[in-house]
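Quick note on labels: first sequence line is chain A, next is B, and so on, each numbered from 1. All values below come from the heavy atoms of this structure, side chains included, with hydrogens, waters and symmetry mates left out.
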There are 2 protein chains.
Amino acid sequence: MDNVRKPARVTSFDVAERAGVSQSTVSRALSGSSVISEATRDKVLGAAQELGYFVDERAARLRRGHTGTISTVVICKPGGGARDVNPFSYALLGGICAAAAERGLEVLVSLQAEEERLFGHYVERGQAEGMIVIGTTANRTAWDYFRKVGENTQPVAYWGSPLGDLDWVSSDNEAGARLAAEHLVEQGCKELIVVGSHTSTQRQFAERVDAFIARAKQLGVAASLATIEPGGARREQGRMATEALLEGGESFDGIFAVCDALAFGVMEALQTADLSIPDDVKLVGFDGIPASELTTPPLTTIEPDLDQAGRLLVEAIADGSEESSTRRVPVRLLVRGSSERTGFSFTVNSIG
Amino acid sequence: MDNVRKPARVTSFDVAERAGVSQSTVSRALSGSSVISEATRDKVLGAAQELGYFVDERAARLRRGHTGTISTVVICKPGGGARDVNPFSYALLGGICAAAAERGLEVLVSLQAEEERLFGHYVERGQAEGMIVIGTTANRTAWDYFRKVGENTQPVAYWGSPLGDLDWVSSDNEAGARLAAEHLVEQGCKELIVVGSHTSTQRQFAERVDAFIARAKQLGVAASLATIEPGGARREQGRMATEALLEGGESFDGIFAVCDALAFGVMEALQTADLSIPDDVKLVGFDGIPASELTTPPLTTIEPDLDQAGRLLVEAIADGSEESSTRRVPVRLLVRGSSERTGFSFTVNSIG
DNA sequence: TAGCGTATTGCATAGCTATGCATTGCCCTT
DNA sequence: AAGGGCAATGCATAGCTATGCAATACGCTA
């Protein structure tokens, strides 16, 4: 009556009738309970098969009291839509989906920008066990919102380093930055630049900057920061920072860009200025997004293990670890043409 | 008793008690029913607020008989995991999420490869209204499976052109291929090559190939097909097809690659052979993935409107159009450095 | 004042499953 | 043969909401 197109769902009662048992027996047989005899189980399975029966997850979850679902929110830039999502976020999303599938969990995905009313109360509404929040850290409104959600005892796991004392997972920024420094020094660089920022809203970048400069100093090479304009980390900003650097007349022979998107802009600016990569300047990025392989020359970069990242994030929700857990995903150095010109590429893993 | 950490959910009965009304009044007030008086509605809203009440979607959906959710399955290559997903699929996923959000629908995402047991029965289990299937068409097993699902009266919408008479949405392949042909001819090309394939499992490619060759012929320019090796459309395959072309001694001055990933391989092979793009050979891709902007030179490509694509796919499920609907997403030509060297880039829209 | 229409609200139930507890039937022991 | 123990199954209910229908209250007309 509500809706004509519903073809009258087959229920466990129908299966029970057909198999000549009670509904509770059907439920137990199908869920693999060990108290059911083989003969009965076969009967039930047969009847279910014949009737095309499937458990109604809505009812099962209502009864069980849990959802078997994780909600993943990708925070977008306030203005931009789906088109504006960093490829890294998508890659990470892939890792999350894979990890969830491994554990038999479903993943609910939503892209969210500025609309406060869109920020879902998935957990409160019984749609998910918890939320994983990834995406740009530049959208302050969104992060503040989810921080509040997380503090209200909702299970929330973040990618990156938000403000506050919440569960979060990130790349091993320090190990990665050290690998970058070591590699550039090994390649003979004497004057290093790190393109990035050092603000509280982009703590991941700050970690990379600090570790890079420290390690370079340790190795006896000077390194200084070229700060990008605030608000996201896109190619545009890498380009502008590098142009400023060139105009400033600073001298350098190696650059570490704290993310690949920035590195693309650095590359653009250097090439526009007729500087050769890697002959005049060697360049290393961070994130290992697929596109990094496509530039000319291909970009040397630090690649986090995204499968592991997905697993840690899912774990943080599924296992509901009480102590605020902060975990680092191992990274590796992918050496490509932007930092050496032998045409021979290789990999260096971080420890752990 | 089942689980300790559940903090005793606030129900609509609690709100009712607090507001001094019945549970049904709470339900109606919260769902915006017009029969409720303003005064009562305010009372209820206030009580709900104070108690931190949220509707339990599991129960609501069980009662309503629908889910408000669309399941999106991204088909992966049998071997590869999340890391192997074409960036285009992710971009499309973004469009789907945006379109679903517009209509107040949730999106359940799963990456699926070979494991038959993983192919979810989301619809049968009452988890979703229908399924959107995207991803590689090279995974025959998966496509066959979902085709069967779709034929069994399940609402399934596909991206691309699967076998059988099912609902599907794709780029306007013919318009895009024509734009490519026209552009290359305008740029002065006299001998054209299209890198792609013409098999039944990659019907989208076949459409592009045919339309490109036909339009070129119409414009008085010869065009022939360089077939890639079967099984997916990755960079590798574009490279190999181009190498074969070069070894064969064929002469050409313009190439249309039926997808960007292939174009990247074409570019690689051409550059390895010391051919200049666009001076010696002009190159156009298809799909408009973000990475296409990063090559050197940047890749001219045909970009489908992904927001529109998402909307059409979601529409196919949400509106449950009875007639098997096949729809084309408009495309536009993004002119970049790989097809002309003025350093000036522009856009041409397809009609409609 | 009685009667009636309308605006609000409450009552009762369906939607489907999982599971605690009671029950049944059977075999084995003494 | 009687009693006890165990394996297998059934009964009854909770989980929370949305909604058809009944009931109430109120205002207005005659």
Side-chain angles (χ1 to χ4, degrees), chain A residues 1-3 5-45 47-48 51-68 121 123-127, chain B residues 1-3 5-45 47-48 51-68 121 123-127:
Chain A
M1 195 150 306
D2 297 342
N3 206 324
R5 67 171 124 147
K6 269 180 291 179
R9 196 179 172 85
V10 177
T11 75
S12 52
F13 284 96
D14 300 330
V15 177
E17 192 181 351
R18 175 129 187 171
V21 298
S22 72
Q23 181 267 334
S24 42
T25 298
V26 171
S27 173
R28 278 191 265 256
L30 261 41
S31 67
S33 163
S34 64
V35 303
I36 299 292
S37 71
E38 270 312 307
T40 307
R41 188 188 310 278
D42 289 348
K43 253 193 319 189
V44 170
L45 258 44
L51 265 46
Y53 171 74
F54 289 93
V55 168
D56 188 318
E57 287 291 333
R58 292 167 297 191
R61 290 171 176 185
L62 178 58
R63 162 68 223 215
R64 279 210 185 95
H66 66 244
T67 61
H121 294 258
V123 179
E124 295 92 331
R125 293 186 304 185
Q127 292 192 116
Chain B
M1 195 152 305
D2 298 341
N3 207 323
R5 67 170 125 145
K6 269 180 292 178
R9 197 181 172 82
V10 178
T11 74
S12 52
F13 285 95
D14 301 330
V15 177
E17 192 181 350
R18 177 131 188 167
V21 297
S22 71
Q23 180 267 333
S24 41
T25 298
V26 171
S27 173
R28 278 190 266 254
L30 263 42
S31 67
S33 162
S34 64
V35 304
I36 300 293
S37 72
E38 270 312 308
T40 307
R41 189 190 309 280
D42 289 346
K43 255 193 316 189
V44 170
L45 257 43
L51 265 47
Y53 170 76
F54 289 93
V55 168
D56 187 319
E57 287 291 333
R58 292 166 297 190
R61 290 171 177 186
L62 178 57
R63 164 68 225 217
R64 280 210 185 96
H66 68 243
T67 61
H121 295 258
V123 179
E124 294 92 330
R125 292 185 305 184
Q127 293 194 115

For [X] and [N], what is the distance between atoms [atom1] and [atom2] respectively, to the nearest whole Å?
| X | N | atom1 | atom2 | value |
| --- | --- | --- | --- | --- |
| Glu57(A) | dT17(C) | CD | C1' | 10 Å |
| Asp42(A) | dT9(D) | CG | C1' | 16 Å |
| Phe13(B) | dA14(D) | CZ | P | 12 Å |
| His66(B) | dG15(C) | NE2 | P | 16 Å |
| Leu51(B) | dC16(D) | CG | C1' | 15 Å |
| Lys43(B) | dG10(C) | NZ | C1' | 13 Å |
| Arg64(B) | dT13(C) | CZ | P | 22 Å |
| Arg61(B) | dT19(D) | CZ | C1' | 19 Å |

Ignoring hydrogens and geometry beyond distance, is a side-chain donor-acceptor pair present between [X] and [Y] at under 3.5 Å?
| X | Y | answer |
| --- | --- | --- |
| Ser27(B) | Ser24(B) | no |
| Arg28(B) | Gln23(B) | no |
| Ser31(A) | Ser33(A) | no |

Short side-chain N/O contact to [N] OP1/OP2 from [X], under 4.0 Å:
| X | N | answer |
| --- | --- | --- |
| Ser24(B) | dT9(C) | no |
| Ser37(B) | dT9(C) | yes |
| Thr25(A) | dG10(D) | yes |

Starting the side chain at C-beta, find the nucleotide from [options] nearest to [X].
| X | options | value |
| --- | --- | --- |
| Val21(A) | dG10(D), dG20(D), dA14(C) | dG10(D) |
| Arg63(B) | dT19(C), dT9(C), dT19(D) | dT19(D) |
| Ala59(B) | dA18(D), dT17(C), dC16(D) | dC16(D) |
| Ala60(A) | dT17(C), dT8(C), dC16(D) | dT17(C) |
| Arg9(B) | dA18(C), dC16(D), dT17(D) | dC16(D) |
| Gln23(A) | dC16(D), dA12(D), dC21(D) | dA12(D) |
| Leu62(A) | dG10(C), dA18(D), dG15(D) | dG15(D) |

For this session: Could you say whether Phe54(A) or Val35(B) is positioned toward the 5' end of DNA chain C, judged by the nucleotide with the nearest heavy atom to each?
Result: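 Going by which nucleotide is closer to the 5' end, it is Val35(B).
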For this session: Output yes when Arg125(B) and Asp56(A) qualify as a salt bridge under the 4.0 Å nitrogen-oxygen rule, no when they do not.
Result: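 No, this pair does not count.
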Exercise. Hey, is the main chain of Thr11(B) close enough, under 3.5 Å, to the side chain of Asp14(B) for a donor-acceptor pair?
Worked result: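 Checked: pair present.
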Problem set entry | Step-by-step side-chain contact (heavy atoms from CB on, under 4.5 Å) determination, Arg61(B) to Gln127(A) | CA-CA 11 Å; Arg61(B) 290 171 177 186; Gln127(A) 292 192 116; 2.6 Å; yes
For this session: Under 4.0 Å between any heavy atoms, over every strand shown, what does Ser27(B) touch: base, sugar-phosphate, or nothing? Just pick one.
Result: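 If one applies the 4.0 Å heavy-atom cut-off, Ser27(B) turns out to touch a base.
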For this session: Please work out if Arg28(B) contacts a base, only the sugar-phosphate, or nothing of the nucleic acid, heavy-atom cut-off 4.0 Å.
Result: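 Touches a base.
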